[in-house]
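Written out below as structure tokens is the structure these notes cover.
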Amino acid sequence: MKILVVSNQSQHFSLYKRLFETITTEIDEWGLGDEQLKQHYYDLVICDFTSRKQIGLLGKVHTCKKPNTGKLILISPYPLEQLRISPLVAQSIDFIMGKPLDVDRLMAYIDAQLQLLHKQEVLRQKNEVLSDVIDLNIIKIGVFNLSGILYYANIKYLEANHRTTSAFDTFSFDELSQCKEEFKTILANLKAKGVFQMERQQKGQWFRSFFYLLKSHYVVHLCQEVTDEKHYVQRLERASVFFENAQEGMIITDSRNKIISINRAFSLITGYTRDEIIGKTPSILQSGIHEKEFYEYMWDSLQHNGRWQGEIWNKRKNGEIYPEWLSVTKLTEANAEDATYMAIFTDISSLKETDKKLHYYANFDQLTGLCNRVQFENLFNHALSSAKRRGKKLALMFIDLDHFKEVNDTHGHAIGDIMLRHIAKKIQKTLRQSDVIARIGGDEFNVLIEGLEHYEDALELANKINEAVKAPIEIEGNVFFMSLSIGIAVYPDHGEDAGTLSKHADTAMYEIKSRGRNGVMVYNTLFTDKVLKRSALMSDLNLAITQDQFEMYYQPIVCLKTDTLLGAEALLRWHHPTRGTVAPGEFIAFAEENNLILELSALVFEKCLEDALRFGPHLHKNKPFTLAINVSSQEFFSEDYAQKVTAKLEDFAIAPSMIELEITETYLMRNPHVAVETIGYLRKSGLHIALDDFGTGYSSLNYLKNLPIDKLKIDQSFVRACLESHEDMAIVEAIVTMAKIFGMKVHAEGVETKEQAAVLKNLGCDVCQGYYYAKPLPFEAFITYMKESL
């Protein structure tokens with residue numbers, strides 16, 4: 001408390017100092033002899049006068065008390081009615097005391113004033129805080145009287161209406177507000193409802209206004225921008241439409257695994273209505289096919305990865321069990337108790353049936369039901385791998401039906417087909433269950449015998465097969481006496497790969513034919529020119545990797561729409577010291593078969609990255625350039641392949657977006673689950689992914705649509721023949737259409753003519769490469785080509 005004491009008695013000052021020493025922050029004195037009153041405002045002004053003459057000073061003293069809160073105390077021996085004081089000054093006196101002074105009464109009054117001042121200060125501070133809170137609030141707040149004149153507004157409200165805090169009472173609601181309703185309309189609604197709400201859109205932004213009556217005398221207007229909220233609601237509405245009308249079944253569960261929402265497709269696929277399924281758990285759909293561990297793995301993946309996807313068998317309401325492709329996602333990242341889950345599934349029954357048919361046609365002979373050449377080669381390669389690991393022998397038989405052409409020519413192909421089915425059954429009955437038989441074409445069969453101990457075992461079985469076939473065969477009244485020519489090659493004695501063994505078995509079979517047919521022969525030459533060549537190639541390739549006898553060539557990749565250079569494919573060339581330049585087709589497969597491909601691939605990748613750095617100074621800043629690098633199967637499926645690639649790019653300081661990895665379709669489908677994960681990591685790291693030689697292998701569309709790849713490369717065999725072959729043209733069109741559906745670009749390779757380029761462009765192909773634009777070029781020649789193109 002700040003106090004001013006006015007008196008002509010100096011002893012009074014020391015008295016008041018002692019009285020107020022514990023309650024005052026400042027005490028000033030003004031003696032009547034002083035020439036000038038201190039120009040301050042005080043919480044308490046005490047005038048202690050002993051003479052009527054001194055009363056006149058009150059006119060000067062009363063102006064020193066603080067406006068509104070200051071107090072003036074007059075201490076005088078005379079009653080107020082005996083003092084000649086103007087009414088204005090009299091009104092300024094808050095408390096009068098006589099003499100002798102009642103100190104207790106004085107202190108009681110001052111204590112009361114002190115408490116009042118404290119309360120007023122607290123209230124003032126609260127008002128300041130409240131005012132700051134209202135001004136800093138993001139909501140615009142305006143208060144109007146019932147005539148629509150502004151009574152109060154926070155800063156946000158004034159700024160939004162381009163006004164200042166001065167002259168509140170000059171602003172009307174209809175002048176300030178940008179609401180679409182007039183004040184009288186809003187007031188009428190408030191009187192009828194008590195509250196009123198409205199929204200408006202202005203320049204792409206949304207605002208929500210809320211009005212209510214305050215003490216029946218004021219209208220409070222709260223206005224807030226809700227653009228984000230409106231957009232969120234619109235997104236939810238669109239998502240809701242998508243959810244309800246999606247072709248895939250969708251289901252949402254809460255943290256207790258209770259179903260809280262399904263879409264229309266769910267009911268169509270499962271047969272359950274919304275009322276029948278809400279509140280149940282997804283276990284109602286379980287088929288009983290999967291083991292407990294299957295669901296435990298699914299749940300573990302959801303908890304740790306937040307998602308799971310895969311093929312699952314479920315049961316419809318009518319009891320029918322069906323396959324579906326299921327993706328489950330954890331929708332919230334909160335604790336497990338609050339987590340919700342969304343499952344999206346597709347009924348793949350028809351796809352499964354199609355896959356079965358395609359698999360059958362792709363792997364089995366339609367006439368006899370035996371394995372076809374493709375399936376047999378796969379089984380043969382698998383058996384070879386197994387024999388290599390276990391150190392076992394296996395035998396390959398090449399079987400040719402003697403004089404079968406005479407049957408066809410004499411009795412017709414219908415009888416010939418029946419004959420082939422009879423022969424197939426006879427051979428199959430003679431074999432063990434573990435043996436494999438295949439019809440590889442015409443009247444030729446292959447038989448694979450695993451777990452072989454001695455040559456004699458294969459010879460004995462081959463003779464049994466021939467004897468079984470020699471038994472008379474009756475077909476539609478005709479009796480036939482048939483025989484076989486059988487050649488045998490044994491792994492590893494007669495070859496270590498399928499090609500070599502097949503060739504040697506075929507050679508042995510033709511040796512029998514040259515001797516008059518109807519017999520069995522084991523290949524009896526251990527060392528051939530081909531074996532020697534393979535041995536030399538193995539040595540040369542090892543030396544080539546050690547001495548780096550390789551060079552990268554680059555074939556331009558061109559945009560079909562603009563005819564401009566987009567990048568290049570890196571192609572390996574081997575500069576053999578005696579044979580000259582060797583194309584990769586002569587040694588890549590050999591390197592894969594003999595475990596040299598990983599070392600060779602690492603060398604190629606580093607050479608490509610070194611050249612990529614050298615490309616840098618020649619690249620146009622605003623034009624992207626992509627370097628495509630081929631990836632082998634062993635390399636792609638090797639441990640931590642994706643992490644090694646990204647680490648190597650960091651070592652060379654090369655942007656991942658500059659690199660495109662080309663992965664061959666055929667081997668990618670061998671392990672699609674791993675492929676999806678690896679490609680996903682590479683794509684997330686910024687690399688581009690292309691599926692090479694597309695159309696030459698068998699890809700499940702269900703897996704293909706889930707592969708996060710950027711581009712399909714049409715195999716050059718289709719491109720080169722598309723102008724002459726309707727079938728190849730149809731294949732190219734189908735690939736382009738499918739790629740567009742999956743959101744992928746299409747890359748044609750092997751473009752050799754202007755006409756081919758024009759056709760591909762019209763079909764919607766995006767990029768291409770081939771001799772029409774340029775052959776693969778060594779680095780310096782490619783730089784020259786690049787300068788001319790860019």
Side-chain angles (χ1 to χ4, degrees), residues 1-133 135 152 165-169:
M1 178 179 284
K2 188 175 180 181
I3 299 175
L4 173 64
V5 177
V6 182
S7 179
N8 63 341
Q9 301 290 327
S10 58
Q11 63 271 22
H12 289 169
F13 297 135
S14 58
L15 169 64
Y16 288 119
K17 282 185 178 179
R18 287 197 302 274
L19 289 175
F20 302 149
E21 61 184 356
T22 60
I23 63 172
T24 183
T25 57
E26 182 179 347
I27 182 167
D28 286 343
E29 305 169 1
W30 187 52
L32 297 183
D34 294 346
E35 295 181 359
Q36 189 175 2
L37 180 66
K38 294 183 178 180
Q39 296 302 310
H40 298 294
Y41 289 112
Y42 297 88
D43 297 301
L44 182 62
V45 178
I46 300 175
C47 294
D48 191 341
F49 298 149
T50 58
S51 169
R52 283 192 181 94
K53 295 179 180 179
Q54 300 161 0
I55 297 302
L57 295 173
L58 287 174
K60 188 176 183 181
V61 172
H62 81 91
T63 60
C64 294
K65 69 175 184 177
K66 284 184 178 179
N68 300 323
T69 60
K71 300 296 180 182
L72 174 61
I73 300 175
L74 175 60
I75 301 173
S76 171
Y78 306 101
L80 184 62
E81 59 269 14
Q82 296 180 9
L83 302 175
R84 296 179 179 177
I85 304 175
S86 69
L88 179 62
V89 175
Q91 290 178 2
S92 69
I93 300 173
D94 298 287
F95 191 58
I96 300 175
M97 295 186 67
K99 288 197 175 185
L101 179 63
D102 186 343
V103 173
D104 292 336
R105 184 170 170 232
L106 174 63
M107 295 307 295
Y109 175 80
I110 292 175
D111 286 340
Q113 295 305 311
L114 186 62
Q115 293 180 20
L116 180 60
L117 283 172
H118 177 69
K119 291 179 180 179
Q120 291 173 338
E121 178 62 21
V122 171
L123 182 59
R124 183 191 64 78
Q125 292 177 357
K126 287 183 177 179
N127 285 338
E128 288 181 355
V129 171
L130 181 60
S131 178
D132 289 342
V133 168
D135 278 338
Y152 171 78
T165 55
S166 63
F168 272 3
D169 57 358

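In this chain, residues are counted from 1 in sequence order.
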>> Suppose the criterion is salt bridge (Lys or Arg N to Asp or Glu O under 4.0 Å): which pairs have a residue in residues 87-100, not counting sequence neighbours?
In response: Asp48-Lys99, Lys65-Asp94
>> So if I apply the side-chain contact (heavy atoms from CB on, under 4.5 Å) rule between Leu4 and each of Ile46, Leu72, Val45, which one comes out positive?
In response: Val45
> How far apart are the closest heavy atoms of Cys47 and Val61, and which atoms are they?
Replying inline: SG-CG1, 3.5 Å
>> Working to the nearest 0.5 angstrom, can you tell me the gap between Leu117 CG and Lys2 NZ?
In response: 13.5 Å
> With Lys66, which residues qualify under side-chain contact (heavy atoms from CB on, under 4.5 Å), at least two apart?
Replying inline: Tyr41, Asp43, Thr69
>> Per the side chain to side chain donor-acceptor pair (under 3.5 Å) rule, what does the pair list look like for residues 100-110, sequence neighbours excluded?
In response: none
> If you measure from CG on Leu44 to CD1 on Ile3, what distance do you get to the nearest 0.5 Å?
Replying inline: 5.0 Å
> Can you list every ring-ring contact (aromatic ring centres under 6.0 Å, His included) pair that touches residues 69-90, not counting sequence neighbours?
Replying inline: none
>> Suppose we screen for side-chain contact (heavy atoms from CB on, under 4.5 Å). Which residues come up paired with Leu101, at least two apart in sequence or across chains?
In response: Tyr16, Ile75, Met97, Val103, Leu106
> About how many Å separate CG of Leu116 and CG of Asp111, when rounded to the nearest 0.5 Å?
Replying inline: 12.5 Å
> Looking at CZ of Phe49 and OG of Ser76, how far apart are the two atoms once the value is rounded to the nearest 0.5 Å?
Replying inline: 8.5 Å
